[in-house]
Amino acid sequence: MKFKIWHGCGRGLSHKGCGRQNCQLNTYDWLADVPGNDTDTDLVEVQFKNTRKGYYHNVNNLELHKGDIVAVEANPGHDIGVVTLTGRLVKLQVKKANLRSEDDIKRIYRLAKQTDMDRYHEAKAREHDTMIRSRQIAKGLGLDMKIGDVEYQGDGNKAIFYYIADERVDFRQLIKDLAAAFHVRIEMKQIGARQEAGRIGGTGPCGRELCCATWMKSFSSVNTGSARIQDMSLNPTKLAGMCAKLKCCLNYEVDNYMEAGKRLPSREVVLQTMDNDYFHFKTDILAGLISYSTDKRMAANLETITAERAWEIIELNKHGKKPLSLQEDDKQAPQPKSADLLENTDLSRFDKAKKKHKSHHNRNKNSHNSNNTNNHKE
């Protein structure tokens, strides 16, 4: 079978599914080149600034593709956004978004015109100055809140102020002052620290872009129990993400660790052999390897065995029997090779090479002198 590589999108993927890739929370449309995908539904996913997305009905049957800039229904006026998904996957995204009612799904008016784009860019140019000014107004009112971002609607008639607050904030006076200062309709939207990190974006300690800025839409609670299950160090600086909260990725592999942990013996169990008692020291949960020490408080005479071998010894101890050692068939574990490159290396090898080179040079020199002497005698 031959696979066709589409121009502009490698790895055998359809170029139609890629579209605009500079949007946060971008979704690859795996069904983009499937016949009938576009006619399956009139729902369209449209993305606005950062991670804000909306879902709209294509009532005018416009031919829309990923990356198209459209004017959509807003309250009041219209907004400008980018089409990020069409077809069958949009229905799954709508279900995932948990929209409360059909009223949340508005209409797409048209493809954006040049006049729409001029007003859009004019409104976007005001966002930074508006954010700085709004922070000063909130500080003047003594409100315990942080305005993290401001987003103007595409037609410039409304502005959304995203704020963070630990407690309930009475911002009724703030709304009046903001409306008087900027002459637009004001909408206050509270977000959490994780959502703020997703809107701002960034790179995590793993070296990849933040999950909350690339694919994560809903945030589940994270606690230190997830780190304990994975046998991680409870160091706050290592467990915290860019938002200063516990990393969302602590929940990714918890289920696998819990399943693997069920196959391991208790850490309180002491293994008894003919020569010593062994206490639990550390565990490689996914690999099923357990290290035991002869000292309860520190690493001493460490022995690493499999979980199956540990269960065998536990069963023997229950019947009053003690094996000669922890290793299977009473064989000692092979000593691991040192990672030190200089430990098993002959440092004099360079001297030998120099001596060899010097000896070879001397032989050539003596041979040359001998030839000259013989020629002179002749």
Side-chain angles (χ1 to χ4, degrees), residues 1-75 77-117 120 151 153-155 198-199 201 208-220 248 252 255:
M1 181 181 294
K2 296 183 179 180
F3 293 91
K4 183 177 180 180
I5 304 297
W6 288 89
H7 177 70
C9 187
R11 298 179 295 178
L13 304 178
S14 169
H15 73 289
K16 297 180 181 179
C18 294
R20 190 182 178 95
Q21 295 294 308
N22 61 342
C23 286
Q24 290 177 310
L25 300 184
N26 181 72
T27 302
Y28 180 84
D29 190 357
W30 297 97
L31 304 177
D33 55 350
V34 174
N37 178 57
D38 294 336
T39 60
D40 188 69
T41 178
D42 68 340
L43 289 173
V44 177
E45 182 186 78
V46 179
Q47 184 160 346
F48 304 95
K49 183 179 180 182
N50 295 331
T51 57
R52 185 169 71 93
K53 284 187 176 183
Y55 299 93
Y56 300 87
H57 286 295
N58 183 11
V59 294
N60 296 322
N61 295 321
L62 301 174
E63 186 178 353
L64 299 177
H65 305 283
K66 288 190 73 171
D68 289 342
I69 303 177
V70 292
V72 300
E73 181 183 0
N75 186 19
H78 69 270
D79 205 350
I80 301 296
V82 178
V83 175
T84 52
L85 201 61
T86 60
R88 300 171 188 172
L89 289 186
V90 182
K91 293 191 292 186
L92 299 178
Q93 295 290 80
V94 170
K95 184 178 180 180
K96 189 176 179 181
N98 294 323
L99 296 181
R100 297 180 181 178
S101 66
E102 290 293 329
D103 296 336
D104 295 333
I105 303 179
K106 297 182 173 58
R107 299 172 297 167
I108 293 179
Y109 287 145
R110 60 185 178 275
L111 289 170
K113 301 177 182 178
Q114 185 59 44
T115 55
D116 295 327
M117 296 306 300
Y120 171 79
E151 179 182 0
Q153 194 170 276
D155 58 4
R199 292 186 63 83
R208 303 190 65 175
E209 194 174 355
L210 298 179
C211 296
C212 54
T214 51
W215 62 270
M216 184 177 290
K217 295 182 180 180
S218 58
F219 301 93
S220 57
C248 295
Y252 293 172
D255 294 339

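None of the values given here were measured: they were computed from a predicted structure. All values below come from the heavy atoms of this structure, side chains included, with hydrogens, waters and symmetry mates left out.
Residues Glu45 and Val94 are not in side-chain contact: their nearest non-hydrogen atoms beyond the backbone lie 4.5 Å or more apart. Annotation: side chain of Tyr55 is not in contact with side chain of Val44 (no heavy-atom distance under 4.5 Å). With a 4.5 Å cut-off on side-chain heavy atoms, Asp68 and Val82 do not count as touching. Taking the side chain as every heavy atom from C-beta outward, Ile80 and Val70 never approach each other to under 4.5 Å. Between Ile105 and Leu43 the shortest side-chain heavy-atom distance falls below 4.5 Å. Between Met117 and Ile69 there is a side-chain heavy-atom pair separated by less than 4.5 Å. Residues Glu73 and Tyr109 meet the side-chain proximity criterion, which asks for heavy atoms closer than 4.5 Å. Residues Arg107 and Val72 fail the side-chain proximity criterion, which asks for heavy atoms closer than 4.5 Å.
When every heavy atom of His78 is checked against every heavy atom of Ala71, the shortest pair comes out as CD2-CB, 4.2 Å. In plain terms, the two heavy atoms of Cys212 and Phe219 that are nearest each other are CB-CE2, 3.6 Å. Summarising the geometry of Gly198 relative to Ala213, their closest heavy-atom pair is O-CB, 3.6 Å, with the distance given to 0.1 Å.
Rounded to the nearest 0.5 Å, atoms CH2 (Trp30) and CG (Asn37) are 14.0 Å apart. Interatomic distance, Met216 CE to Thr51 OG1, rounded to the nearest 0.5 Å: 12.5 Å. Asn60 contributes atom CG, which lies 14.0 Å from atom CD of Glu63 (distance to the nearest 0.5 angstrom). Expressed to the nearest 0.5 Å, how far CG of Leu85 lies from NZ of Lys66 amounts to 6.0 Å.
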Pair Thr41-Arg88, side chain to side chain contact (heavy atoms under 4.5 Å, CB included): steps then yes or no: CA-CA 6 Å; Thr41 178; Arg88 300 171 188 172; 5.6 Å; no

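With hydrogens and angles disregarded, no donor-acceptor distance shorter than 3.5 Å links the side chain of Asp42 to the backbone of His57. Judged by distance alone, with hydrogens and angles left aside, the side-chain atoms of Asp29 form a donor-acceptor pair with the main-chain N or O of Leu31 at under 3.5 Å.
Under the salt bridge (charged side-chain N to carboxylate O under 4.0 Å, His left out) criterion, Lys113 pairs with no residue at all, not counting sequence neighbours. Shown here are the salt bridge (charged side-chain N to carboxylate O under 4.0 Å, His left out) partners of Asp116, two or more places apart in sequence or in another chain: Arg110. Contacts of Leu92 classified as side-chain contact (heavy atoms from CB on, under 4.5 Å), with partners at least two apart in sequence or in another chain: Leu89. With sequence neighbours excluded, the residues that form a side-chain hydrogen bond (donor to acceptor under 3.5 Å, both in side chains) with Asp40 are Lys91. Scored by the side-chain hydrogen bond (donor to acceptor under 3.5 Å, both in side chains) test, Asn58 finds no partners at all (sequence neighbours excluded). Take Glu151 and apply the salt bridge (charged side-chain N to carboxylate O under 4.0 Å, His left out) test, not counting sequence neighbours, and it matches Arg52, Arg199.
Under the 30°/60° scheme for interplanar angles, the aromatic rings of Tyr252 and Trp215 are found to be tilted.
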